[in-house]
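Just so we're on the same page: letters track the sequence lines, and every chain starts at 1. Keep in mind that the numbers below use all heavy atoms, side chains included, and drop hydrogens, waters and symmetry copies.
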2 protein chains.
Amino acid sequence: MQTAIAKQGRGDVGRVFQALGDPTRRAILDRLSEGPRSVSGLAGPLDITLTAVAQHLAVLQAAGLATTEKVGRVRTCRIEPAGFNAVEQWIADHRSLWTRRLDRLGELLAEDDT
Amino acid sequence: MQTAIAKQGRGDVGRVFQALGDPTRRAILDRLSEGPRSVSGLAGPLDITLTAVAQHLAVLQAAGLATTEKVGRVRTCRIEPAGFNAVEQWIADHRSLWTRRLDRLGELLAEDDT
DNA sequence: CCGATACTGAAGTACATACTTCCCTATCAG
DNA sequence: CTGATAGGGAAGTATGTACTTCAGTATCGG
């Protein structure tokens with residue numbers, strides 16, 4: 001067990017990467033980074049309809065990147081930092097593989113040279 | 001200059017995230033992590049056509065995640081570790097924002113509590 | 001030279017995704 | 001109560017994306 005790629009419980013990395021692939025969703029996360037917002041508060045500067053924002057939020061929630069809570073008639077949206085762990089972990093795991101590869105390559109060039 | 005989000009030269013993060021969103025492309029990167037491969041070498045265990053793999057490789061190249069070099073009639077594909085820097089940077093930058101937010105939140109709860 | 005190998009290009013298809021509009025429900029302000 | 005505000009649900013559209021097949025074009029082995 002060296003490649004501990006499947007970690008972090010549930011969130012499959014694919015969902016997260018795909019969620020982050022959309023510029024509008026990244027914009028939403030940008031705004032949420034500044035603090036919690038309502039759905040219409042998010043929709044305002046984005047120049048898309050409320051419905052579209054709600055759909056993006058559903059994606060972000062499914063990916064574990066945001067949480068929402070409805071209080072009165074207002075749904076408050078927050079960022080979910082833990083959702084990013086899986087992705088960072090995935091990259092870190094893979095990066096360690098490459099570097100190991102590259103180190104190995106260096107050794108091979110040094111000792112197994114013609 | 002605090003939010004150094006637009007760094008790392010060219011690669012826009014969107015492309016990278018989107019490229020990583022596809023499971024087939026992640027599988028390709030997995031195999032490339034073990035070392036360079038030819039296009040058909042990648043296609044074999046993936047159960048898709050050569051053409052499809054070539055298209056995925058085009059996406060990975062556009063995202064800066066892989067490089068290819070054609071020698072004879074064989075195109076050799078390698079992973080490009082630097083391509084991941086932008087993404088890690090993006091996450092790191094944003095994470096610092098949230099944690100700052102959360103720290104602030106803690107302070108607010110302590111002094112400005114209802 | 002000749003057939004197999006390793007791709008490349010163009011085009012087509014099926015499904016996903018990012019939106020929209022329209023309408024309906026719950027809540028708050030007066 | 002009445003109207004405005006905040007959002008939810010369903011459905012339609014339009015573009016994108018992941019594939020495929022069906023041709024080619026180089027290149028290598030014999």
Side-chain angles (χ1 to χ4, degrees), chain A residues 11-32 34-79 83 87, chain B residues 11-32 35-79 83 87 114:
Chain A
D12 64 291
V13 244
R15 256 178 221 292
V16 182
F17 278 130
Q18 209 170 344
L20 293 174
D22 184 82
T24 306
R25 272 185 304 257
R26 285 198 307 281
I28 289 177
L29 289 177
D30 280 351
R31 310 253 5 255
L32 287 181
E34 304 164 3
R37 305 251 174 183
S38 67
V39 179
S40 43
L42 287 169
L46 281 180
D47 204 51
I48 54 178
T49 60
L50 205 68
T51 307
V53 174
Q55 286 166 351
H56 282 303
L57 281 170
V59 173
L60 290 171
Q61 276 192 97
L65 295 171
T67 61
T68 71
E69 181 198 12
K70 192 163 187 178
V71 170
R73 58 180 167 174
V74 175
R75 178 172 294 277
T76 304
C77 312
R78 292 182 178 77
I79 210 164
V87 170
Chain B
D12 67 291
V13 246
R15 258 178 221 289
V16 182
F17 278 130
Q18 208 170 347
L20 292 174
D22 183 80
T24 305
R25 267 179 317 249
R26 285 198 306 278
I28 290 177
L29 289 177
D30 280 351
R31 309 255 3 258
L32 287 182
R37 305 251 174 183
S38 66
V39 179
S40 42
L42 287 169
L46 280 179
D47 205 50
I48 54 177
T49 61
L50 204 68
T51 308
V53 174
Q55 286 167 353
H56 282 303
L57 281 169
V59 174
L60 290 172
Q61 277 193 95
L65 295 170
T67 60
T68 71
E69 180 198 12
K70 193 163 188 178
V71 170
R73 59 182 164 174
V74 175
R75 177 172 295 277
T76 303
C77 312
R78 291 183 178 76
I79 210 164
V87 170
T114 39

Between CD of B:Q61 and P of C:dC7 the distance, given in whole Å, is 13 Å
How many Å lie between CG on A:D47 and C1' on C:dT20, as a whole number?
13 Å
Side-chain N,O (B:R75) to OP1/OP2 (C:dT8) below 4.0 Å
yes
Taking the side chain of A:T51 as heavy atoms from C-beta outward, which of C:dC22, D:dA6, C:dA10 is closest to it?
C:dC22
Work out which heavy atom in A:C77 is nearest to a heavy atom in A:T68; give both atom names and the distance.
SG-CG2, 3.9 Å
Of B:G41 and A:Q55, whose closest DNA chain C nucleotide lies nearer the 5' terminus?
B:G41
With the side chain of A:K70 defined as its heavy atoms from C-beta on, choose the nearest nucleotide among D:dC19, D:dA18, D:dG7.
D:dG7
Output the rounded distance in Å from CZ (B:R37) to P (C:dA6).
14 Å
B:R15 CZ - D:dG16 P separation (whole Å):
13 Å
From D:dC19, C:dA26, C:dT20, pick the nucleotide closest to the side chain of A:R73?
C:dA26
Counting side-chain heavy atoms from C-beta on, which of C:dC19, D:dG7, C:dC7 comes nearest to B:S38?
C:dC7
Please pick, from D:dT17, D:dA4, C:dC19, the nucleotide with the shortest atom-to-atom distance to any side-chain atom of A:A52.
C:dC19
Quick one: is B:S40 getting a side-chain N or O under 4.0 Å of the C:dC7 phosphate, OP1 or OP2?
yes
If you compare every side-chain N and O of A:R25 against the phosphate oxygens of C:dT17 (OP1, OP2), does one of them come in below 4.0 Å?
no
Can you tell me how far P of C:dC19 sits from CD1 of A:I28, to the nearest Å?
9 Å
Nucleotide of C:dA6, D:dG8, C:dC28 approaching A:A54 most closely (side-chain heavy atoms):
D:dG8
Short side-chain N/O contact from B:T24 to OP1 or OP2 of D:dC19, under 4.0 Å
yes
What is the distance from CD of B:E69 to P of C:dT8, rounded to the nearest Å?
13 Å
So, is B:H56 close to the D:dC19 phosphate, meaning a side-chain N or O under 4.0 Å from OP1 or OP2?
yes
Do you know which two heavy atoms are closest between A:V16 and A:A63, and how far apart they sit?
CG2-O, 3.5 Å
Please determine, for the side chain of A:L50, which listed nucleotide (C:dT8, D:dG7, D:dT27) has the closest atom?
D:dG7
Compile the donor-acceptor pairs under 3.5 Å between side chains in residues 18-29 of chain B and protein atoms, sequence neighbours left out, one pair per line.
from	atom 1	to	atom 2	distance (Å)
B:D22	OD2	B:T24	N	3.0
B:D22	OD2	B:R25	N	3.0
B:R25	NE	B:A19	O	2.9
B:R25	NH1	B:H56	ND1	3.2
B:R25	NH2	B:Q18	O	3.4
B:R26	NH1	B:L20	O	2.7
B:R26	NH1	B:G21	O	3.3

What is the distance, to the nearest angstrom, from the CD1 atom on B:I48 to the P atom on C:dC7?
14 Å
Which atoms form the tightest heavy-atom contact between A:P45 and A:R31, and what is the distance?
CG-NH1, 2.8 Å
In whole angstroms, how far is the C1' atom of C:dA18 from the CD atom of B:Q18?
12 Å
Winner on side-chain proximity to B:D22, out of C:dC7, D:dG7, D:dA18, is D:dA18
